[in-house]
Every structure is written in C-alpha cells, then in structure tokens.
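Residue indices begin at 1 and follow the sequence shown.
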Amino acid sequence: QVQLVESGGGLVQPGGSLRLSCAASGLASRFYAMGWFRQAPGKEREFVAALRWNGGYTYYRENVKGRFTISRDNTRKTVYLQMNSLKPEDTAVYYCAVDLNGILSTIRDSNAYEYWGRGTQVTVSS
C-alpha cells in the first residue's frame, strides 16, 4: 500500500522560506512523477510543481517559478519543495501526490495522480 507523508509546513512571515518533504512508502521502483498541489480556503486544489522520476524533469506553475524548487532523494523516494520569498497568497494546505503511469500532458492535472498525502499547512502572515 502506497503511503505519502508530508512534513515541514508551518507559519512564516512574508519573504521567508520553508522546505516541505514528502516521504513515500510502498511505492514501486518505477513510477511516472511526484507532485505538489495546494488548496487555499474556498478555492480549488491547484498544481504547484512536479518532478518526472525518470530523468528528473521539473515543472512549475507560473507564479512560483523562481521562488519554489522541487527536488528528490532517489534512494529514499522522497520529494522536497523548497519555498523561498513566500507571499501571503501562498497560504494553503500543501499536498504531495504520486502519478504512477502518467503522460506529460497531464502532469499538472490532479486527476492523473493516484495517491495523495494528508497535507501540511503553510501559512504566510506577518
């Protein structure tokens, strides 16, 4: 059984940084991608970043490019999201997810991801 556990959320001031982690267990050695999504109160879940496991290609939503970085630890099947220059509008619950057999055209689509973590709260406020 695949399990994803996020950690690293918290309260940070605008301009600050946080590093989220997502550790996967029960995951086969080969899968397509791991991604980060977020959901703010009253809003739909949205794509943040993704990493194709074969090749390490990365993808970001436009308004986090240059501020967020997704990376991985292959041996631990862990994915990270380094978030710098945080803004109040980044406040949300952040979810980690795994896409087992995806294709590039759906890497930003939450419906393509089969397994999800429970989420970790990120609050950016002064």
Thr106 and Tyr113, any side-chain heavy atoms less than 4.5 Å apart
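SC-SC contact between Tyr113 and Thr106 ruled out.
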Set of side chain to side chain contact (heavy atoms under 4.5 Å, CB included) partners for [X], sequence neighbours left out:
X: Ser25; result: Gln3
X: Thr120; result: Glu6, Leu20, Tyr94
X: Ser85; result: Arg67
X: Arg72; result: Leu51, Trp53, Asn74

By salt bridge (Lys or Arg N to Asp or Glu O under 4.0 Å) - contacts of [X] (at least two apart):
X: Arg19; value: none
X: Glu44; value: none
X: Arg118; value: none
X: Glu46; value: Arg38, Arg61

(message) Can a donor-acceptor pair be found, under 3.5 Å and without considering hydrogens, that links the side chain of Tyr115 to the backbone of Gln1?
(response)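 Checking the backbone N and O of Gln1 against the side chain of Tyr115, no donor-acceptor pair under 3.5 Å is found.
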| said: I'd like to know if the side chain of Tyr95 reaches the main chain of Gly35, judged simply by a donor and an acceptor atom lying under 3.5 Å from each other, with no hydrogens or angles considered. | reply: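 Checking the backbone N and O of Gly35 against the side chain of Tyr95, no donor-acceptor pair under 3.5 Å is found.
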- Message: Through direct or indirect side-chain contacts below 4.5 angstrom among Ile, Leu, Val, Met, Phe, Trp and Tyr, which residues connect to Val5?
- Response: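 Its cluster mates, by chain and number: none.
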Residue pairs passing the salt bridge (Lys or Arg N to Asp or Glu O under 4.0 Å) test where at least one lies in residues 79-88, sequence neighbours excluded: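 Counting only pairs at least two positions apart or across chains, no salt bridge (Lys or Arg N to Asp or Glu O under 4.0 Å) contact touches residues 79-88.
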- Task: Please list, chain by chain and in numerical order, all residues satisfying side-chain hydrogen bond (donor to acceptor under 3.5 Å, both in side chains) with Gln121, sequence neighbours excluded.
- Result: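 Gln121 satisfies side-chain hydrogen bond (donor to acceptor under 3.5 Å, both in side chains) with Thr123 once adjacent residues are dropped.
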- Message: The criterion is side-chain hydrogen bond (donor to acceptor under 3.5 Å, both in side chains); which residues satisfy it with Ser17, sequence neighbours excluded?
- Response: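 By the side-chain hydrogen bond (donor to acceptor under 3.5 Å, both in side chains) rule, Ser17 matches Asn84.
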Ile107-Val98 co-clustered via ILVMFWY side chain contacts under 4.5 Å: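 No, Ile107 and Val98 fall in different hydrophobic clusters.
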Heavy-atom closest pair, residues Leu4 and Ala24 |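 The answer is CD2-CB, 3.5 Å.
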Original post:
With a 6.0 Å cut-off on ring centres, are Trp116 and Phe37 close enough?
Top reply: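 Distance test on ring centres: under 6.0 Å, yes.
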